[in-house]
Undergrad: 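Pasting a structure here, questions to come.
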Amino acid sequence: MAEPLRGIGVSPGFAAGPVCRAGVAPRLPAPRAVSDVPAELSGAASALRAVAAELDRRASATSDATAAEILRAQVLMAEDPVLDEAVADAIRAGSDAPHAIDAAFAVHRQAFLDAGGYLAERVADLDDLRDRAVAVSSGLPMPGIPSPGHPFVLVATDLAPADTAGLDPAQVLALVTEAGGPTSHTAILARSLGIPAVVRCGGAAGLRDGMVVAIDGAAGAVRVGVDEATVLDTRRREEERRSRAAASSGPGRTADGWAVELLANVGSAADPVAGAEGVGLFRTELLYLDREKAPSHEEQVEAYAAVFDALGGRKVVVRTLDAGADKPLPFLDQAGEPNPALGVRGVRLARRDPALVDGQLAAIAAPATRTGATAWVMAPMIATPAEARDFVTRARAAGLASAGVMVEIPAAALRVRALLREVDFLSIGTNDLSQYTFAADRMAGELAELLDPWQPALLDLVAACGRAGREAGKPVGICGEAAADPGLAPVFAGLGISSLSMPARAIPAVRDALATHTKADCERLATAVLAAEDPAAARAVVG
């Protein structure tokens with residue numbers, strides 16, 4: 001059998017079936033003279049409203065909280081009055097509606113790329129909005145997912161959030177994309193939906209409708225032209241995998257009872273937590289983004305209390321505001337930073353506005369005290385022990401007993417023992433730790449292999465944190481996307497990681513992966529993976 005196509009496996013599982021390619025974005029029509037400016041303005045505005053309405057409809061229709069959150073962020077982009085005005089200015093200058101829309105989005109796109117970080121990651125969202133609006137203003141249907149009337153493997157250059165969020169797992173057997181990376185929206189939503197996925201797949205451009213392929217979403221392998229026996233065997237393996245995951249319940253344990261806590265990542269009380277032992281990452285910045293003024297104390301208390309109540313006394317690790325610079329807050333003066341990804345973000349906001357961080361800590365403490373919740377707090381973007389000490393002091397002053405920090409910057413991992421003298425726990429954010437370790441922006445598709453969580457250099461930093469945590473007798477968890485990889489779960493356990501936090505849907509597979517290894521197995525795998533030369537060799541160790 002021919003060697004499989006290789007990419008980055010971002011959502012585990014096995015699938016086999018015929019290929020259907022996603023529809024391509026519309027081409028801009030030839031420019032035309034505008035004789036009726038008011039009509040052109042109305043047509044462009046209607047196109048943007050139609051796109052916003054369609055995305056809002058999809059957000060309301062999906063039961064997946066992560067997908068709804070991403071779609072509603074796109075709605076806000078489409079409804080941006082600055083964008084409206086830029087389109088109108090282009091039309092008044094002589095452009096037709098499709099070209100005016102394209103020009104306005106091009107300016108926004110470059111601004112997002114220049115900003116870097118979180119905004120640069122949203123460029124694909126802008127491109128999707130542009131394509132949809134250009135299509136509507138040209139009298140064409142919006143780009144979308146094929147509907148062949150039978151289950152299929154979806155292949156695309158990349159997928160927009162609106163497309164991924166609307167996928168039916170009963171019809172879409174797997175995803176394969178030419179672009180993307182392990183922390184892209186395609187990867188995040190595929191895991192959330194439980195669809196096997198391979199991104200950045202070399203050779204995917206050559207896959208054509210009707211070709212029969214077999215996918216291994218963990219290994220990142222796509223076999224082309226497989227026979228019926230392989231299709232049946234692949235589907236059998238997936239049924240067995242799902243059956244094991246469904247039968248798995250209870251806390252995370254190795255085969256010989258070594259505990260690895262399995263937690264959920266949430267952005268609000270609406271996010272699923274079924275099967276989780278608690279929440280390992282409560283992203284609070286969703287309450288702050290796209291607002292002209294900071295949420296009030298009462299608004300914050302209500303939002304935090306809702307999550308505490310939903311967990312019924314289980315642990316909730318609250319990450320304080322992870323925003324600033326690359327996730328701009330309109331109510332803060334953040335202009336003029338030369339490199340926002342390396343600027344005033346996360347806990348560094350306290351340098352400019354201590355009351356913002358202190359106010360959030362007070363708003364977390366109030367419902368935690370009232371509900372009796374097991375509330376832990378942690379700060380993002382910590383670089384030095386002094387920053388950790390300052391945050392813990394602020395948390396203690398607010399009345400919060402358990403205070404920790406995130407390890408997202410190599411400096412923190414390199415000085416982890418000193419960091420642990422200041423805090424109660426650590427949580428490793430593998431997404432940012434990867435991009436800062438490898439100097440590889442998460443939106444740079446050409447560098448996606450550097451962001452592979454199996455990179456030995458990244459695992460070296462994880463190992464250093466795990467060892468230091470064991471020596472200090474303090475918990476060290478992981479809350480980045482890597483925590484959802486079942487193949488890495490026993491490796492992380494062997495490296496001394498005490499908890500893994502992920503989308504709730506990923507928990508059964510991770511629980512099952514841990515349950516099939518003893519503590520000694522995990523430690524052996526961890527040692528072997530650390531000795532590997534590259535991600536492929538590291539994966540081969542686990543098999």
Undergrad: Could you check whether atom CZ of Arg236 has more than 12 heavy atoms from other residues, nucleotides or ligands sitting under 6.0 Å from it?
TA: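 Yes.
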Undergrad: Run the numbers on Glu239 and Arg242 for salt bridge (Lys or Arg N to Asp or Glu O under 4.0 Å), then give the verdict.
TA: CA-CA 5 Å; Glu239 288 174 5; Arg242 289 179 181 267; over 6 Å; no
Undergrad: Looking only at heavy atoms, which two atoms of Thr186 and Leu159 are closest? And how far apart?
TA: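 Shortest heavy-atom contact: OG1-O, 3.3 Å.
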Undergrad: Which value, rounded to the nearest 0.5 Å, describes the distance between Met378 atom CE and Met406 atom CE?
TA: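 Rounded to the nearest 0.5 Å, the CE-CE separation comes out at 4.5 Å.
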Undergrad: Ion pair present between Glu240 and Arg237, side-chain N to carboxylate O less than 4.0 angstrom?
TA: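 Judged by the 4.0 Å cut-off on N to carboxylate O distance, Glu240 and Arg237 do not form a salt bridge.
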Undergrad: Grab the two heavy atoms, one from Gly202 and one from Leu5, that are nearest each other, plus how far apart they are.
TA: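 Smallest interatomic distance, heavy atoms only, reads O-CB, 3.5 Å.
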Undergrad: Let me confirm one number: the CZ-CG distance from Phe282 to Leu263, rounded to the nearest 0.5 Å.
TA: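 These two atoms lie 14.5 Å from each other.
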Undergrad: Rounded to the nearest 0.5 Å, how far apart are CG of Leu461 and CD1 of Ile409?
TA: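 Answer rounded to 0.5 Å: 12.5 Å.
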Undergrad: Quick test of your reading: applying side chain to side chain donor-acceptor pair (under 3.5 Å), list the pairs with at least one residue in residues 452-464, sequence neighbours left out, ordered by first then second residue.
TA: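 Passing the test, one end in residues 452-464: Asp452-Arg539, Trp454-Asp485.
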Undergrad: Grab the two heavy atoms, one from Leu286 and one from Glu69, that are nearest each other, plus how far apart they are.
TA: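 Of all heavy-atom pairs spanning Leu286 and Glu69, the closest is CD1-OE1, 3.1 Å.
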Undergrad: Would you call Arg241-Glu238 a salt bridge at under 4.0 Å N-O?
TA: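 A salt bridge is present here (some side-chain N lies under 4.0 Å from a carboxylate O).
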Undergrad: Looking at CD of Glu178 and CG of Leu207, how far apart are the two atoms once the value is rounded to the nearest 0.5 Å?
TA: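 That separation rounds to 8.5 Å.
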Undergrad: Can you give me the closest heavy-atom contact between Pro146 and Leu154, atom names plus distance?
TA: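 Nearest pair, atom of Pro146 first, then Leu154: CD-CD1, 3.8 Å.
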Undergrad: Could you tell me the separation between the CZ atom of Phe492 and the OG atom of Ser499, rounded to the nearest 0.5 Å?
TA: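 Reported value, rounded in 0.5 Å steps: 11.5 Å.
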Undergrad: Kindly assign one of parallel, tilted or perpendicular to the pair His150 and Phe152, based on the angle between their ring planes and the thresholds 30° and 60°.
TA: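 Perpendicular.
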Undergrad: Among Val107, Ile101, Asp102, exactly one meets side chain to side chain contact (heavy atoms under 4.5 Å, CB included) together with Phe105. Which residue is that?
TA: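 Output: one option passes, namely Ile101.
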Undergrad: Give a yes or no answer on whether the side chain of Thr234 reaches the backbone of Phe14 with a donor-acceptor pair at less than 3.5 Å.
TA: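 No: the side chain of Thr234 does not pair with the backbone of Phe14.
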Undergrad: Looking at every heavy atom in both Ala537 and Asp534, which two are closest together, and how far apart are they?
TA: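 Nearest pair, atom of Ala537 first, then Asp534: N-OD1, 2.7 Å.
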Undergrad: Please name the pair of heavy atoms, one in Leu321 and one in Pro380, separated by the smallest distance, quoted to 0.1 Å.
TA: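 Nearest pair, atom of Leu321 first, then Pro380: O-CG, 3.8 Å.
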Undergrad: What I want to check is whether the side chains of Asp227 and Thr230 have a donor and an acceptor closer together than 3.5 Å.
TA: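 Looking only at side-chain atoms, Thr230 and Asp227 do form a donor-acceptor pair, the distance falling under 3.5 Å.
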Undergrad: Would Tyr436 and Met381 satisfy side-chain contact (heavy atoms from CB on, under 4.5 Å), going step by step from the backbone distance to the final call?
TA: CA-CA 11 Å; Tyr436 291 132; Met381 290 298 289; 3.9 Å; yes
Undergrad: To the nearest 0.5 Å, tell me how far Asp131 CG sits from Leu126 CG.
TA: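 One gets 11.0 Å once the value is rounded to the nearest 0.5 Å.
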